[in-house]
Amino acid sequence: MWLAPGRFFLTANGHSTRLDLTKDPAATKDDWVDSTLPNPKAAVAPDEHTVLYAGTRGSLNGSLHGRDLRQDAVPAELLTVTANRITDLTLTSTGSAGTSGWMLADVSGNTQNPTPVLVRWDISAAPSTSG
């Protein structure tokens with residue numbers, strides 16, 4: 001995910017990483033940050049220091065997490081949803097009053113047919129990542 005010119009945040013199972021191509025074209029293991037979400041599938045950046053990412057943590061347990069990249073603190077879980085999969089996120093507004101957007105999820109349960117839903121989310125203030 002793009003953060004700023006030359007700066008990216010790459011999400012992955014187990015670990016994610018910040019990548020700053022303006023300083024170094026490679027990320028090392030020292031640059032990794034633990035992913036509290038084992039299977040991140042979608043991510044957005046409200047600003048160049050904040051990352052929101054979503055995915056599932058189990059059978060019907062979707063989650064949206066926020067991380068302040070300026071801190072080494074544990075990411076905050078901002079939202080949980082009952083969903084088989086979360087496949088995409090988008091922002092509709094960002095600012096000092098908060099952040100809002102949409103999440104695309106599949107709530108098919110045990111059926112074979114996908115049941116897509118759009119979930120509107122609002123975070124009233126900047127994500128807190130203390131913990």
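Along the sequence shown, the residues carry numbers beginning at 1.
Within the 4.5 Å cutoff, side-chain heavy atoms of Trp121 are placed close to those of Leu89. Residues Asp68 and His49 meet the side-chain proximity criterion, which asks for heavy atoms closer than 4.5 Å. In this structure the side chain of Tyr53 never reaches within 4.5 angstrom of the side chain of Ser16, judged on heavy atoms. In this structure, the side chains of Arg18 and Arg7 stay at 4.5 Å or more apart for every pair of heavy atoms. Contact of the Pro40 side chain with the Asn13 side chain is registered, since non-hydrogen atoms from C-beta on lie closer than 4.5 Å. Side-chain atoms of Leu69 and Glu48, non-hydrogen and from C-beta on, never get closer than 4.5 Å to each other.
Counting only N and O atoms by type, the side chains of Thr111 and Asn113 include no donor and acceptor under 3.5 Å apart.
Two different hydrophobic clusters hold Trp2 and Val44 under the rule that ILVMFWY side chains link at heavy-atom gaps under 4.5 Å. The hydrophobic cluster containing Leu79 also contains Ile123, counting ILVMFWY residues as joined when their side-chain heavy atoms lie under 4.5 angstrom apart, directly or transitively. Under the 4.5 Å side-chain heavy-atom criterion for Ile, Leu, Val, Met, Phe, Trp and Tyr, Leu3 and Leu19 are members of distinct hydrophobic clusters. Placement of Leu10 and Met1 in two distinct hydrophobic clusters is found when ILVMFWY residues are connected by side-chain heavy-atom separations under 4.5 Å, directly or transitively.
The shortest heavy-atom contact between Thr94 and Pro46 is CG2-CB, 3.6 Å. Counting all heavy atoms, side chain and backbone alike, Ser100 lies closest to Asp122 at CB-OD1, 2.8 Å. Shortest non-hydrogen contact noted between Ala43 and Thr11 is CB-CG2, 4.3 Å.
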Q. Between Asp88 and Met103, does a side chain to side chain contact (heavy atoms under 4.5 Å, CB included) hold up when you go through it step by step?
A. CA-CA 6 Å; Asp88 210 354; Met103 174 187 298; over 6 Å; no
(Q) Does Thr80 form a side chain to side chain contact (heavy atoms under 4.5 Å, CB included) with Arg57? I'd like the steps, not just the answer. (A) CA-CA 10 Å; Thr80 59; Arg57 290 183 290 141; 3.6 Å; yes
Q.
Could you go through His65 and Leu78, starting from their C-alpha distance and side-chain angles, then the distance that decides it, and tell me whether this counts as side chain to side chain contact (heavy atoms under 4.5 Å, CB included)?
A. CA-CA 5 Å; His65 289 228; Leu78 305 171; 5.9 Å; no
Q.
Would Leu91 and Thr99 count as a side chain to side chain contact (heavy atoms under 4.5 Å, CB included) here? Give the steps.
A. CA-CA 7 Å; Leu91 296 171; Thr99 302; 3.5 Å; yes
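Through chains of ILVMFWY side-chain contacts below 4.5 Å, Leu118 is grouped with Trp102, Leu104.
In this structure, the side chain to side chain contact (heavy atoms under 4.5 Å, CB included) partners of Asp106, at least two apart in sequence or on a different chain, are Asn84, Arg85, Ser108, Pro114, Thr115.
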